[in-house]
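Here is the structure we will look at, set down as structure tokens.
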Amino acid sequence: MPRWGLLTTLCVACAHPAAPLPPAEGLRPVAAFDAIAGRRARSVALFDEVARVLTHPRCANCHPVDDRPRQGLDQVVHDPPVWRGPDDRGEAGAHCDACHQERNSEVSRVPGAPAWHLAPASMGWIGQSNAAICAQLQDPARNGGRTLAQIQEHLAGDALVAWGWAPGDDREPAPGSQAELAALAAAWIETGARCPEEAP
């Protein structure tokens, strides 16, 4: 079988049919947090709402703490087997964009968006607490050298992030919308970008 024929077969194998799912519960608007007394408490509550998106499988599946992306709401290891590779875009011969194109494929059901790739391992979210994720976002050594303003811009405008709300093929989207997430992230930053405390 030609190389591309085998690759297409493998890519089609990773598209699991799914029953239609109800949409994820929406996000609370920024105004819903205005009544929280204390700037720190409001900031923490805002981040916890942001984290509802960050920890949802639509986002977290590409933020593994190891070298294997996940699939589906149950976050099973990617099938067919693939690994992170040296640049977070897959190993030689099995780059992410070999199967994941610029948009979702209606025929193969393989999801797609521009520049499909894993987040750096330093930004692994699966199994992490909201406190740990918050600390990662604020650490330039782990977040790709971004400022908080750049993190907010990434959440607000990145096309790969946007895929979380348009995953296609009856996949459950992330909660709320990208615009709502961006507004919550901006409000979190404006209130001091405070992080939740780790549970004892």
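Predicted model only: the values in this text are computed from it and were never measured.
The closest side-chain heavy-atom distance from Leu54 to Leu137 is below 4.5 Å. Looking at Leu155 and Gln178, their side chains never come closer than 4.5 Å, going by heavy atoms from C-beta outward. Annotation: side chain of Pro69 is not in contact with side chain of Asn61 (no heavy-atom distance under 4.5 Å). Side chains of Val30 and Leu184 form a contact here, defined as non-hydrogen atoms less than 4.5 Å apart. Between Pro64 and Arg70, some side-chain heavy-atom pair lies under the 4.5 Å cut-off. Contact annotation: the side chain of His154 approaches that of Val161 to within less than 4.5 Å [non-hydrogen atoms, C-beta and beyond]. With contacts defined as side-chain heavy-atom distances shorter than 4.5 Å, the pair Ile126/Gln75 qualifies. Using a 4.5 Å heavy-atom cutoff, the side chains of Cys195 and Val44 are not in contact.
Cluster annotation: Ile151 is not connected to Leu160 through the hydrophobic network of ILVMFWY side chains, with a link wherever side-chain heavy atoms come within less than 4.5 Å. Neither Val82 nor Val110 shares a network with the other; the hydrophobic side chains, linked directly or stepwise wherever heavy atoms of I, L, V, M, F, W or Y lie under 4.5 Å apart, form separate groups for each. By the criterion of side-chain heavy atoms lying less than 4.5 angstrom apart, applied directly or through intervening Ile, Leu, Val, Met, Phe, Trp or Tyr residues, Leu27 is grouped together with Leu46 in one hydrophobic cluster.
Look at Arg40 and Glu197 and you find a salt bridge, because one of the NZ, NE, NH1 or NH2 atoms lies within 4.0 Å of a carboxylate O, short of that distance.
Side-chain N or O atoms of Gln136 include none that pairs as donor or acceptor with a backbone N or O of Asn143 at under 3.5 Å. The closest donor-acceptor contact from the side chain of Thr55 to the backbone of Ala51 lies under 3.5 Å. Side chain of Trp188 to main chain of Arg194: a donor-acceptor pair is present (N/O by atom type, distance under 3.5 Å, no hydrogens or angles). The backbone N or O of Gly26 sits less than 3.5 Å from a side-chain atom of Arg52, completing a donor-acceptor pair. Distance alone, capped at 3.5 Å, is enough to place a donor-acceptor pair between the Arg109 side chain and the Asp169 backbone. Here the side chain of His100 pairs a donor or acceptor atom with the backbone of Pro111 at under 3.5 angstrom. Side-chain N or O atoms of Asp67 include none that pairs as donor or acceptor with a backbone N or O of Arg84 at under 3.5 Å. When atom types are taken as modelled, the side chain of His63 and the backbone of Val65 share no donor-acceptor pair closer than 3.5 angstrom. When atom types are taken as modelled, the side chain of Trp125 and the backbone of Met123 share a donor-acceptor pair closer than 3.5 angstrom. Checking side-chain atoms of Gln71 against main-chain N and O of Asp79 turns up a donor-acceptor pair under 3.5 Å.
Summarising the geometry, atom CD belonging to Glu153 is positioned 6.5 Å from atom CD belonging to Gln150; distances are rounded to the nearest 0.5 Å. Residue Arg58 holds its CZ atom at 5.0 Å from CG of Leu73, rounded to the nearest 0.5 Å. Taking CD of Gln101 as the start and OG of Ser108 as the end, the distance is 8.5 Å to the nearest 0.5 Å. Taking SG of Cys134 as the start and CG of Asp139 as the end, the distance is 11.5 Å to the nearest 0.5 Å. Atom-to-atom distance recorded for Ile133:CD1 and Gln138:CD is 13.0 Å, nearest 0.5 angstrom.
The minimum heavy-atom distance linking Ala193 with Ser43 is given by the pair N-OG, 3.4 Å. Between Ala182 and Ala156, the closest heavy-atom pair is CB-CB, 3.5 Å. Annotation for Val53 and Ala174: closest pair CG1-CB, 4.2 Å, computed over non-hydrogen atoms.
For Arg103, the CZ atom counts as loosely surrounded, since its 6.0 Å shell holds 12 or fewer non-hydrogen atoms of other residues, nucleotides or ligands. Within 6.0 Å of CD in Glu198 there are more than 12 heavy atoms belonging to other residues, nucleotides or ligands.
A donor atom on one side chain and an acceptor atom on the other are found under 3.5 Å apart for His56 and Glu172.
Ring planes of Trp163 and Trp116: perpendicular class, angle over 60° (limits at 30 and 60°).
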Evaluate salt bridge (charged side-chain N to carboxylate O under 4.0 Å, His left out) for Asp66 paired with Arg68, printing each intermediate quantity in order. CA-CA 6 Å; Asp66 58 15; Arg68 306 290 305 278; over 6 Å; no

